[in-house]
Amino acid sequence: MLKTHHCGELRRQHAGEAVTLAGWVNRIRAQGGVIFLDLRDRSGVVQITADVARAPQAHADAEKVGREYVIQVVGVVRARPEGMTNPNMPTGEVEIEATGIKILNPAKTPPFELGGDSRVDEAIRLHYRYLDLRRPRMQQNILLRGKVTKFIRDYLYDRGFVEIETPILFKTTPEGARDYLVPSRVHPGKFYALPQSPQQLKQLLMVAGYERYFQIARCFRDEDQRGDRQPEFTQLDMEMSFVEREDVMNLIEGLMTELVEKVSDRELVTKPFPRLSYQEAMARYGSDKPDVRYGLEIKDISDIAGKSAFKVFVENVEAGNPVRAICVPGCGGYTRKQLDDLTELAKSAGGKGLAWMALEAGEQGQVKSPIGKFFSVDQLVAIVDRMEAKPGDLILISADKASVVAAVLDAARREFASRLGLVDPKKIGFCWIIDFPLFDWNADEKRWDPSHHLFTSPMPDDIPLLDSEPGKVRGQQYDLACNGYEVAGGSIRIHDRSLQEKIFGLIGLDVEDAKERFGHMLEAFEYGTPPHGGIAPGIDRLTMLLAGEPNIREVIAFPKSQQAADLMAGAPSAVEPIQLDELHILVNSNDSHSTE
RNA sequence: GGACCCGUGGUGUAGCGGUUAACACGUCGGCCUGUCAAGCCGAAGAUCGCGGGUUCGAACCCCGUCGGGUCCGCCA
């Protein structure tokens, strides 16, 4: 080893020890006769001194080093003299009196500051990701991520789970997200697909009798990016046999609780985690992944609004649509301009607008609203009562299809939580969402789509409804939401061939298609399949929340840009014609302008 | 596929129709034996992402394009 100790571990009790350290020059303070170097390795930073009087060679060496040089320092740990300690650093009571400094590798001046956490354009950070990863923020995040996966592995191994790897080259499943495809050299014109998740494989492992499986699994989805979505991401993929919904939920709730309490510096808002039905979540929060750290809950005022003289509300209620509202405390004094701007918020969420009623501050609490004239005094009082609004508050009202109302008020809730500072960034608020509808109606294709995935088992009580009212069938599905993000989704699966075939039929897969795509699953179900279920928490999102970061790129060592590009290596890239020939691929030259 | 925001020395920002393109940090040189976001003195470093247009005149206005981000669609 080129070092005997780590920089960050040295303390007063090491005083007098001869040490050899190696690392990066974090900062240089040349004082003339004495030069101070802050030497950094993964463990932390320690001060090196090179004194011209006591160690002329070391001083001469130190004059030659620059920022981010990789050096080896031979010296002695010394307790710092009285009054010269630095309480701001863990190693601040000691320093290394260097006797020799060797440059292992010089460094160019970095393109941005590595010492602090100053904001740098993300394109530059990603281009020099290996430098960005040296910075404290990224280092903490990446180390935290390692602790998260270590904790998960220990937790699950302790409970009888087996870690099993599954293939990355697998088979396309067009019904989910868009697949990343890998051309086959051996089979002209045929393709592997990278797994969107190891869903089928883990179910087959249950058929195979492994009973408790997990994997920290890389998943691939060729869809457009978001702050919480990358083309490749990591799930804790797991599956258990002979379990019911409660068993999986309890295991994960225990895991998540301990993860937050033992691995992070965050604080759980509630435990046990609240459970909301999908219907309730949509009604109260307008979202199936609500942020439960703050209120601003949605209330239904359809009964009152339907009797008003306001045409938009009346027509919606007559059409069976809801009129719902949130009450924003203390925003009743918003200017007309500010209130009009809320229309933009509603539009970007897919709505037409957002009606408002402002309660003037003061005892009377007069209602000020462009639509106020369409309501009787009793109706206004009823709305104010329903919303539990106080003088100075602002009521925001949306009337539309239920899904649009939900989207608009969800957006409004998030916006005002942020404006009013209602979110405590140190808090972690989990909640379970259960009783999802098994299907969503696809109006374009005129068929039912699975709301989760096509292996989710219906609630036993609802199986008779499969024939009569598929839209009312609930799935044995459970999602875990946290701080407004979906961090896990799972279900009890179908383990019966005939039921699985029936679901295929409902989503418009004919027998031939089903056999072609999922024949291996149907066949497997005929060889003794245990009842089973599982879940898949997203490691990136979870780590993002535990780190308090605003997007998952901050917890991924080498993430891709929004255009799914690796800005450091320059992927994707053009390939040699011979490579394409071998793969039997002809590229449409009209599309190739952007490949360079 | 669509909407919006951003792009000015190495980095972060200011400038928003006429400026020698400003400031901080960094870099380089000098001074300095107890600094720790060291300090002091001095210097170098930018055709304002790229292309076109409007204008007597463009970093600034317009169009296009490239790159980064946020959101909708898409996606658990």
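Computed from heavy atoms alone, side chains included, the values below leave out hydrogens, waters and symmetry copies. Lettering follows sequence order; numbering is per chain, from 1.
- Taking the ring pair (Phe, Tyr, Trp, His ring centres under 6.0 Å) definition, one finds that A:F518 meets it with A:F455, A:F504, sequence neighbours left out.
- A:E415 comes within 4.0 angstrom of no nucleic acid atom, judged by non-hydrogen atoms across all strands.
- Of the residues in residues 546-562 of chain A, those with a non-hydrogen atom less than 4.0 angstrom from any atom of RNA chain B are A:R553, A:S561, A:Q562.
- Applying the ring-ring contact (aromatic ring centres under 6.0 Å, His included) definition to pairs two or more places apart or across chains, those involving residues 214-234 of chain A are A:Y157-A:F214.
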Please list, pair by pair, any protein nitrogen or oxygen found under 3.5 Å from a nitrogen or oxygen in nucleotides 6-9 of chain B.
none

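- Considering only residues two or more places apart in sequence or on other chains, A:P90 meets the side-chain contact (heavy atoms from CB on, under 4.5 Å) condition with A:R11.
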Distances for protein N/O vs nucleotides 22-27 of chain B N/O pairs under 3.5 angstrom?
{"residue": "B:rC25", "atom": "O2'", "partner": "A:E113", "partner atom": "OE2", "Å": "2.3"}
{"residue": "B:rU27", "atom": "OP1", "partner": "A:R67", "partner atom": "NE", "Å": "3.2"}

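- For A:E232, the side-chain hydrogen bond (donor to acceptor under 3.5 Å, both in side chains) criterion is met by A:R218, A:K560, not counting sequence neighbours.
- Among residue pairs with one or both ends in residues 538-547 of chain A, those qualifying as side-chain hydrogen bond (donor to acceptor under 3.5 Å, both in side chains) are A:R145-A:D540; sequence neighbours excluded.
- Evaluation of the salt bridge (Lys or Arg N to Asp or Glu O under 4.0 Å) rule for A:E554 yields A:R125, A:R137 as partners, not counting sequence neighbours.
- Residues forming a ring pair (Phe, Tyr, Trp, His ring centres under 6.0 Å) with A:F430 (at least two apart in sequence, or on another chain): A:F273.
- In this structure, A:D479 reaches neither bases nor backbone, as no heavy-atom distance under 4.0 Å exists between it and the strands shown.
- B:rC16 and B:rG29 have their P atoms separated by 37 Å, with the value rounded to a whole Å.
- Residues in residues 78-91 of chain A take part in these salt bridge (charged side-chain N to carboxylate O under 4.0 Å, His left out) pairs, two or more places apart or across chains: A:R78-A:E95, A:R78-A:E97.
- Within the 4.0 angstrom heavy-atom criterion, only backbone atoms of the sugar-phosphate kind lie near A:R27; the bases stay farther away.
- The ring pair (Phe, Tyr, Trp, His ring centres under 6.0 Å) test applied to A:Y478 returns no partner, not counting sequence neighbours.
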